[in-house]
Amino acid sequence: MARAFQPKVLTANHLRSGAVVWRTVDGRWSADPREAELLTDEADAEVLLLKAQGEALEVIGPYLAEARPGLQGPELVHIRERLRATGPSAGLRVTQLEAL
Amino acid sequence: MYRYSDWDETFVRARVAEFSDQVERRLTGALSEDEFRPLRLMNGLYLQLHAYMLRVAVPYGTLSARQMRALAEISEKWDRGYGHFTTRQNIQFNWPKLEDVPAILSALADVEMHAIQTSGNCIRNVTTDPFAGAAADEVADPRPYAELIRQWSTDHPEFQFLPRKFKIAITGSAEDRAVIRAHDIGLRLVERDGALGFEVIVGGGLGRTPILGEVIRDFLPEADLLPYLEAVVSVYNGLGRRDNKYKARIKITVQENGIEAYRAATEARFAELRPLFGGADRAALAEIAAQFAPPAFAARDAGAFDAAYAADPVFRAWADTNLNPHIRADHAIVTVSLKAHGQAPGDASAVQMRLLADLAEEFGHGELRISQYQNVVLPHVARADLPALYARLKAAGLATANVGLVSDIIACPGLDFCALATARSIPVAQAIALHFDALKLEHEIGELELKISGCINACAHHHIGHIGILGLDRAGVENYQITLGGDPVAPSARLGDRMGPGFSAEDLIPALERLLLAYLDLRTDRSERFIDTYRRLGAEPFRAALYQTEAKANAA
Ligand code: SF4
């Protein structure tokens, strides 16, 4: 039996700034993963990924990341993705970020 | 210090112009990402987890005050006001925007710096002893040779597409501070019967297959350096495995062919190449060497130092850990720790960089070094000036007295930044440093090398840490595996022994505490370092402390 498809969100880095972005329901790239569209259908997810790969002037390295439904929007499953969403968890950079 | 020749200047400016054009074409869509990626990597621009990252070469770890100030300014103007110094004596900017990179490279070129050969399958930035030209135990200054290697390897037509990246380290001292046995080629200046030459080590490297390099030539006359290096790399270029990324480093080539066969092939190639060099390299070296003449030292009475050392225990603690002997008895080499307890190892803010530049000018002949331990070194400070220097460092939070101690941790960027990481390393390093500081144990524990890598690539050299920690991903949870007994220092260099199962982030620190308390019980006295006790007793009692099991009775 085929394994059930794990829901995903589509994510990438912004070409100009390098910033982490997520694909929203209305087709934008947002810096807030809670705005991301939770993709529950594998075929839909693949189509969106292919489309994003064609948007080379906006984003680079698009891929699908596991997520699950949450109260405020999709919640990222893997710690790597959570760190991409929150930014570095420690060190000088944190205070620097707050200072910005 | 070395100043760019017209050739260097023209070359670096041309690369900036070329890359600026490539960025422009990427932003307008004339270049796809697939086409652009290798071009940006050739100019040190990576994509990391959160942003682009620009890796800038600090040639053989040497910076002038002016260059340090330029790095501070770049970090403020185009980044987030700090830089990260790495174990390869580079600096990384973690947040540049693609469209700003041409301006950054241009600002670097203004101070004779660049990001060339900090990525890709070429000969990378040559690293050396951060105390070069200042160390009391030095046979000869390795920096002129490092610069010669830089000039030879820069844009070398044969070596732009090697099977894999290639790293060379060089030291001029008996005590190895450049980790030469963990490099593709390691060079150590030695004297034999009054003649200067190199011990040449080949095939070292850590990563997923850690191997310590072996001696391929125990004495190479120094005049033969470039043709011999060219022979070693040329043999690798021919034999290296291009079919498998994980077998492509020279360490595997040497293992697969055997050191004898590799040596024979190198000698044969060397015999062909040697006559072709025709003395141009010698002339270049003579010109370079003149630029590394020692600064104009003035004799100074060290009385102020002695008085402060006797009177102030806090100054004394700093002097005991952060100073090293200089060629001149009235001077010292100062290591400024970038490891204040709780800070990210190797990070320096723009304010700190500027202060260090000022202090280098006031007290240190305008010179700075970046160490493999991710600290900053002022190589030439008169002992008489040390109390004043210390006071200035202290006021800026840069006087942490922990060089060589448990909190002087080498940590790679790990999962907080690195796209390849499997676990975080920076927060772990911070937590360990804070923990042992709170216990007030680190001076009691004494000399200890603790190194944390965030994945199997081992950028923090965990295999050769007295305590090495490797962060892994176990079903989505960070897990930390411990190796003990590694030693980075040739000739006694040794790879650590892997202990048992890894620890969760929460369990790791109590385990380390048990380990180090066990060491305090087991050592003969304070002079026996952790690594010495480990060598004397073996892994068993330490493993028992980590896993809280009974130590097996020592076999009779
Ligand atoms: S060891 Fe791994 S996680 Fe750390 S910097 Fe190197 S590649 Fe990245």
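Because the structure is predicted, anything quoted here is derived from the model rather than measured. Lettering follows sequence order; numbering is per chain, from 1.
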**Q.** Interface residues of residues 33-40 of chain B facing chain A - non-hydrogen atoms under 4.5 Å apart
**A.** B:E33
Q: Please flag which part of B:P345 lies under 4.5 Å from any non-hydrogen atom of chain A: side chain, backbone, both or neither.
A: neither
Q: Using atom types as modelled and distance alone, determine if a side-chain donor or acceptor of A:R80 lies under 3.5 Å from a backbone N or O of B:A419.
A: yes
Q: Ignoring hydrogens and angles, tell me if any N or O in the side chain of B:T118 forms a donor-acceptor pair with the backbone of B:R55 under 3.5 Å.
A: yes
Q | Side chain / backbone / both / neither for B:D100 at chain A, heavy atoms under 4.5 Å | A | neither
Q: Identify the heavy atoms of A:S89 and A:L83 that sit nearest to each other, and give their distance.
A: CB-CD2, 3.8 Å
Q) Any donor and acceptor pair, going by atom type alone, linking the side chain of A:D41 with main-chain N or O of A:A43 inside 3.5 Å? A) yes
Q: Check each atom of B:T422 against the heavy atoms of chain A and say whether the ones under 4.5 Å are side chain, backbone, both or neither.
A: neither
Q: Using modelled atom types only, decide if a donor and an acceptor are shared between the side chain of B:Q374 and the backbone of B:T87 within a distance under 3.5 Å.
A: no
Q: May I ask you to list the residues in residues 5-22 of chain A that approach chain B closer than 4.5 angstrom, counting heavy atoms only, ordered by number?
A: A:N13, A:H14, A:L15, A:R16, A:S17, A:G18, A:A19, A:V20
Q. Can you say whether B:E478 sits under 4.5 Å from chain A via the side chain, the backbone, both, or neither, judging by heavy atoms?
A. side chain
Q. Shortest non-hydrogen contact from B:L470 to B:I456?
A. CD1-N, 3.7 Å
Q: Please determine, by modelled atom types, if B:S407 and B:N402 share a side-chain donor-acceptor pair under 3.5 angstrom.
A: yes
(Q) Any side-chain to backbone donor/acceptor pair from B:H341 onto B:F436? Under 3.5 Å, distance only. (A) no
Q: Using modelled atom types only, decide if a donor and an acceptor are shared between the side chain of B:K339 and the backbone of B:V403 within a distance under 3.5 Å.
A: no
Q: Indicate whether the side chain of A:D32 and that of A:S30 have a donor and an acceptor atom separated by less than 3.5 Å.
A: no
Q) Contact part of B:L49 toward chain A, heavy-atom cut-off under 4.5 Å: side chain, backbone, both or neither? A) both
